[in-house]
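Heads up: the structure comes next, in structure tokens.
In the text below, chain A, chain B and the rest are named by the order of the sequence lines, each starting its count at 1.
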Amino acid sequence: MLEWLIENNVVCHALEAMIFASIACSILGVIISRMRLSSIGFTMSHAAFAGAALGMFLGANTQMAAIAFSMAVAALIGPVSDKAKMAADATLGVLFAMSMAVAIFLISYMEYMGKGLSASSLLFGDVVSLYREEIYALAAVCGLTIIFVLAFYKEISALMFNMKIAEAAGVRVKLVYYILLFIIALSVALSLNIVGGLLIFVLLVTPASIAGQFCFNVRSMFIVAPTVALFVSAFGVWAGFEFTLPVAPLVALLLTGVFALSVMLSFKRRINTKIH
Amino acid sequence: MSIVELKGIYTAYEGGEKAVIKDLSLRVERGEYVVIGGPNSAGKTTLLESINGLIKITHGSASVCGLNVSSQADEVRRRVGYVIQNFYFDPFTPFTVEQVVMMGRFGRLGLMNRPGRADYDAAQRAISLVGIEDLAHKTIGTCSGGQQQKAMIAHNIAKEPEVMMLDEPFSNLDFVAREYLQGVFKRMVRTGVPILMVAHAFDGLPDIPIHLVVMNQGRISYDRNCRAEEVEGIIRKECGVSENARVADRK
Ligand SMILES: Nc1ncnc2c1ncn2[C@@H]1O[C@H](COP(=O)(O)OP(=O)(O)OP(=O)(O)O)[C@@H](O)[C@H]1O
Ligand SMILES: [Mg+2]
């Protein structure tokens, strides 16, 4: 898509993938960090990781397996936390541990059987070997995320305000919550190859936290978070290729740096000492 | 048909050992002012949440506005206002009072529909009715407890409900606000909207016939009309009697 701008195909694909992943994840991050559900990021990324390991084990398409597995986990989160009346956080913790166990079990088993596989691309991501189809899929998910937020903007903001009050107002909380879980599963599973299971969390949480330092309303958060994520990750891709540095960790560190800076500069945290 | 009609309902919390509400029946008509009294943990909040379907009833039947609460809970909640007893909004909550009041309209608007002129007007009317115009652009988490309570009342007035339920709505309000809002609720009752109010303090009740419901350990022990000034005495008597009964039981 950006071939007109960048000649090198590899760099071009990496940039596109990084942009789509960071926009989708940072928008979803605004929602889940406000709902105190950031651990969804943990759980989903490890579910995708476990799915990919399962795919390798079965000799199937790892990406498809990652999507299927995280969809399955998404389908479990809602009902399990409904049924068990546990805090969603506890459910997420249990599912996270389960995913990790599946992944480690399979990887260790394969090593033991001498079918050693490289899990490192799943853990750390690999921006240099992306297929065109993966990028299209990411673009589609990015579009889906934006459409979701625009179409359900009023329901999403009610959910971000207070679940119980939203429900009492007659908002269809459950429906919107489930759609949200599925879109997160999809975005995370597709971003796995790019930033890796360990760094997706950064894309979900950090841009939202940066926006939270400056924004007083939800609308501006939905604009600031993806914008920051977009520029930082584009810069990260450029710097990574220019100075031959690993791209995904570089983006993660850059975002963390911006976060630190924004905490220091945030006027929301400033106390006016001139008031008497 | 009564606007709220409960027949022999039971409600239990998951993991709870006993039903919190037991074999409870209640009818509320249009234009009634219902006061629900009773000691802590009598099941008053649970009763309100059974009426709008936030908690599922396990036995019996509940109908509100002619809808079956068990199967049409979303639709019931769209028509029933409910000011909840406890809430906490952290100081960084990114919504203004005006936006929170507007959210009262979201359920009845339905999925995907955007608020229109009528919704903005209803929200503005509710804000000026409750008298919080000066807070409209303040973020809700930075308001005082009483201001937040007023915002939640305005949120439910903006909803233009067919039934209004309030769970100790005055717990944080000064007496001026209490008296003023009682006047607002009295006018709602005149237009036919029944009020169901859980309360522990009864000063400033409107001088209209009160439908008094006293709850004790998940059951209704008093369900009759009375005058505003009789409310406190009856509740004292009802709760005292049951206290004696419990002591007698133990012996
Ligand atoms: N979420 C819950 N899970 C389990 N039990 C609950 C839950 N909420 C309330 N209960 C129990 O149900 C009973 C009734 O509680 P409820 O909140 O309805 O009382 P109440 O009459 O509103 O009391 P108060 O005047 O203190 O508000 C109490 O014994 C309480 O322990
Ligand atoms: Mg209560």
Side-chain angles (χ1 to χ4, degrees), chain A residues 30-31 33-36 80-87 147-179 208-209 211-225 263 266-269 271, chain B residues 13-16 48-49 52-55 72-96 98-115 119 137-142 148 151-152 155-156 158-159 161 165 167:
Chain A
V30 170
I31 305 175
S33 44
R34 185 68 226 160
M35 290 176 74
R36 305 264 177 278
V80 167
S81 55
D82 263 357
K83 192 86 209 132
K85 278 277 181 275
M86 288 192 281
I147 292 171
F148 168 66
V149 172
L150 290 176
F152 294 101
Y153 187 74
K154 112 180 166 296
E155 284 79 15
I156 291 170
S157 55
L159 244 66
M160 288 168 72
F161 172 55
N162 185 307
M163 273 286 237
K164 177 153 186 186
I165 292 172
E167 198 176 5
V171 172
R172 303 199 35 200
V173 224
K174 274 205 183 122
L175 178 71
V176 179
Y177 185 63
Y178 286 160
I179 300 178
S209 312
Q213 297 304 313
F214 296 103
C215 299
F216 288 95
N217 66 62
V218 181
R219 187 176 306 192
S220 55
M221 283 184 182
F222 277 124
I223 295 167
V224 171
V263 170
S266 169
F267 46 81
K268 266 171 98 170
R269 290 179 183 276
I271 293 170
Chain B
Y13 286 98
E14 276 181 41
L48 295 189
E49 297 194 356
N52 72 357
L54 282 177
I55 304 176
Q72 296 164 288
D74 273 325
E75 187 55 40
V76 168
R77 284 195 285 272
R78 257 165 239 169
R79 303 190 190 193
V80 177
Y82 177 40
V83 178
I84 61 177
Q85 182 178 10
N86 299 310
F87 43 80
Y88 168 75
F89 308 126
D90 72 82
F92 293 104
T93 309
F95 297 97
T96 60
E98 193 174 38
Q99 287 171 324
V100 170
V101 172
M102 190 61 181
M103 281 179 197
R105 307 286 295 177
F106 284 5
R108 48 180 292 162
L109 268 169
L111 279 181
M112 307 226 246
N113 298 319
R114 306 237 152 193
D119 303 294
H137 300 292
K138 205 170 154 79
T139 55
I140 184 106
T142 56
Q148 290 178 355
M152 289 321 299
H155 164 102
N156 279 285
K159 191 173 175 178
M165 310 198 296
D167 200 347

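- For V224(A), the side-chain contact (heavy atoms from CB on, under 4.5 Å) partners two or more places apart in sequence, or in a different chain, are A211(A), C215(A), V228(A).
- Contacts between V83(B) and chain A at a heavy-atom distance below 4.5 Å are absent for every atom of the residue.
- Both the backbone and the side chain of F161(A) come within contact range of chain B, each with at least one heavy atom under 4.5 Å from a heavy atom of that chain.
- R219(A) does not touch chain B: none of its heavy atoms, backbone or side chain, sits under 4.5 Å away.
- Side-chain contact between E155(A) and R172(A) is absent, with no heavy-atom pair separated by less than 4.5 Å.
- Contact record, R77(B) with K159(B): O-NZ, 2.7 Å, taken as the closest heavy-atom pair.
- Ion pair K154(A)/D119(B) not flagged as a salt bridge, since none of the NZ, NE, NH1 or NH2 atoms sits closer than 4.0 Å to an Asp/Glu carboxylate oxygen.
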Should R36(A) and D90(B) be marked as a salt bridge (Lys or Arg N to Asp or Glu O under 4.0 Å) after you check the CA-CA gap, both sets of side-chain angles, and the distance that decides it? CA-CA 12 Å; R36(A) 305 264 177 278; D90(B) 72 82; 3.3 Å; yes

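- Heavy atoms of T93(B) lying under 4.5 Å from chain A belong to its backbone as well as its side chain.
- Of the two parts of S157(A), the backbone and the side chain both hold a non-hydrogen atom closer than 4.5 Å to a non-hydrogen atom of chain B.
- Among the candidates Y13(B), F89(B), Y82(B), F87(B), the residue making the largest number of heavy-atom pairs closer than 4.5 Å to chain A is F89(B).
- Per-residue counts of heavy-atom pairs under 4.5 Å with chain A were compared for R114(B), E75(B), M102(B); the largest is that of R114(B).
- A salt bridge links E49(B) with K164(A): at least one charged nitrogen is closer than 4.0 Å to a carboxylate oxygen.
- For L111(B), the parts lying under 4.5 angstrom from a heavy atom of chain A are both the backbone and the side chain.
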